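Inspection log for the structure reproduced underneath, given as structure tokens.
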Amino acid sequence: MKGDIEGTALQLLAPLYSADLIQDGWTVFLQALSTVIASDVAIAVCLDVDGRPLEFMCEGLFSKDMIASYEAHFAAIDPWAEAFLSGSRPFGKIVSSNELLSASEFEKTEYYNDFWRPNDDLFYTCGALMKVGDGLANVGMPRCRDRGDYDQSDIALLDILAPHIGIALEMHRRLGRADEMTANAEAALDQFGDAMLILDDVGRILYSNSEAAAELKSSARVASRRGRLVAGNFIATSDFEESFRTAQAISRLAPAQAPVSLVSREPDPEMRASITFHPLPQRGVDVAKVPIGSSVLVVICRAHIAPVGSPTLLRRLYGLTPTEALVASHMSSGISVEDVAVTMQISLGTARVHLKNIFLKTGTKRQGQLVALLNAVSPRARRNDAPLT
């Protein structure tokens, strides 16, 4: 590689820092680097603290079988990595293979004879070991023997790029962990029987679990209109929008106040559901400077999903009488006080007296607040599971 080294390095920074932002971005960067350096392979390997490969990004002559062999066996006997560490060289410093191991010594290694020699007689390389977060990374540029060793201009270019490659690989590791955590969180939310959606400050759907996808498809309680969550067939639009605005306003308070709930009105009481808007408070900011609007978690609890052990739990938490706890348990399913009276075979007046006492003991003032509270403290069985007793 000849010419303007700094200018060439500058041209490579755009594809490097875009590597995690576009599809196959690391392949694009490694291809560009390999072309400039005139290597036959360009490699970036993320390693754990013990030097074991976690992720292998490669462009060039390395086949999938070679990568698998490297990860399974040859990474552990890589003579250059061993020589780099034993020589106390600084991490991130670019070195050529002949600085670490002479050609005659390399020719005697199992690594060369069983791995590189049978594969196009790869022989020379230059690169570095880097510290990346709590692990390491190995960046290397192997070249076939007949093309000769790297010169100082090649090393100089990689020296300029090395700290940037380290930063980009650290970003890659962090983004990978964030993606893994997100996937795990989404998988966990899919295990619940309730539909869950996260909305931004104008009601756009940022996330929905599998149960929520089914709710959106049916349009019974909620629906999606141009990416925003709106009321479905059995929810009054005015009630839905008021609940969302209230939860949105509450999200600006510190600490967060109680969630806001409403109940759908299907003709069949057993098909009704509570729709609860949980404010997601903005943390670590000056509340007075927070713009109006913040994210809201919407949870849809269907009436035919039985609360798990809620009467006993509610008695212990709030000091309810057995009858009050049973009334509260029925209320957590989203049915009205009139339906509770019919279900329990008591008069409507008696049911209302019990409800008034429940309000006093739980610190709530209306049915929506009570339902939200009960849904928060009563774990629910999955839709396809038998109700627990």
Side-chain angles (χ1 to χ4, degrees), residues 182-248 250-251 258-280 293-308 310 329-336 339 367-388:
T182 299
N184 289 340
E186 291 180 356
L189 290 175
D190 277 338
Q191 296 304 307
F192 289 90
D194 297 333
M196 299 183 183
L197 306 98
I198 296 178
L199 311 181
D200 69 3
D201 56 347
V202 295
R204 286 188 294 257
I205 302 171
L206 302 178
Y207 166 79
S208 58
N209 67 357
S210 57
E211 294 290 333
E215 286 284 347
L216 293 171
K217 187 175 182 180
S218 72
S219 299
R221 296 115 184 172
V222 293
S224 175
R225 182 179 302 156
R226 291 190 289 275
R228 296 178 62 180
L229 191 69
V230 297
N233 299 329
F234 297 104
I235 296 289
T237 298
S238 57
D239 292 343
F240 181 93
E241 293 180 349
E242 180 184 358
S243 298
F244 173 70
R245 285 195 300 269
T246 302
Q248 185 188 56
I250 289 172
S251 70
V260 183
S261 282
L262 53 87
V263 178
S264 65
R265 290 302 175 190
E266 288 93 336
D268 182 354
E270 290 191 358
M271 295 305 297
R272 293 174 187 171
S274 65
I275 294 86
T276 304
F277 297 78
H278 294 267
L280 299 178
S294 183
S295 296
V296 173
L297 170 66
V298 180
V299 180
I300 303 173
C301 301
R302 290 174 295 281
H304 65 286
I305 304 177
V308 180
S310 56
S329 177
H330 285 300
M331 297 289 290
S332 71
S333 296
I335 64 176
S336 66
D339 293 327
Q367 185 174 343
Q369 287 183 334
L370 177 62
V371 171
L373 178 65
L374 298 180
N375 284 330
V377 301
S378 298
R380 304 177 76 82
R382 288 181 56 82
R383 179 172 57 184
N384 295 326
D385 292 342
L388 301 178

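This one's a predicted model, so the numbers in the text were calculated from it and none came from an experiment.
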Nearest 0.5 Å, please: how far is [atom2] in [Y] from [atom1] in [X]?
X: I198; Y: L206; atom1: CD1; atom2: CG; result: 7.0 Å
X: R245; Y: E242; atom1: CZ; atom2: CD; result: 6.5 Å
X: M196; Y: C301; atom1: CE; atom2: SG; result: 7.5 Å
X: I300; Y: S274; atom1: CD1; atom2: OG; result: 9.0 Å

Could you tell me if the side chain of D339 sits less than 4.5 Å from the side chain of S336, heavy atoms only?
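Yes, their side chains come closer than 4.5 Å.
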When you compare the side chain of I235 with that of V222, does any pair of heavy atoms fall below 4.5 Å?
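Not in contact.
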Contact summary for [X] and [Y], nearest pair of heavy atoms:
X: S224; Y: L216; result: N-CD2, 3.9 Å
X: L197; Y: A212; result: CG-CB, 3.6 Å
X: L199; Y: F244; result: CD1-CE1, 3.8 Å
X: F277; Y: V296; result: CB-CG1, 3.9 Å
X: S208; Y: I205; result: CB-CG2, 4.3 Å
X: E215; Y: R221; result: OE2-NH1, 2.8 Å

Any donor-acceptor N/O pair, [X] side chain to [Y] backbone, under 3.5 Å:
X: S264; Y: A273; result: yes
X: N233; Y: S219; result: yes
X: R265; Y: F234; result: no
X: R272; Y: V263; result: no

Report the C-alpha distance between D194 and N209 in whole Å, list the side-chain angles of each, state the deciding distance to 0.1 Å, and finish with yes or no for side chain to side chain contact (heavy atoms under 4.5 Å, CB included).
CA-CA 9 Å; D194 297 333; N209 67 357; over 6 Å; no
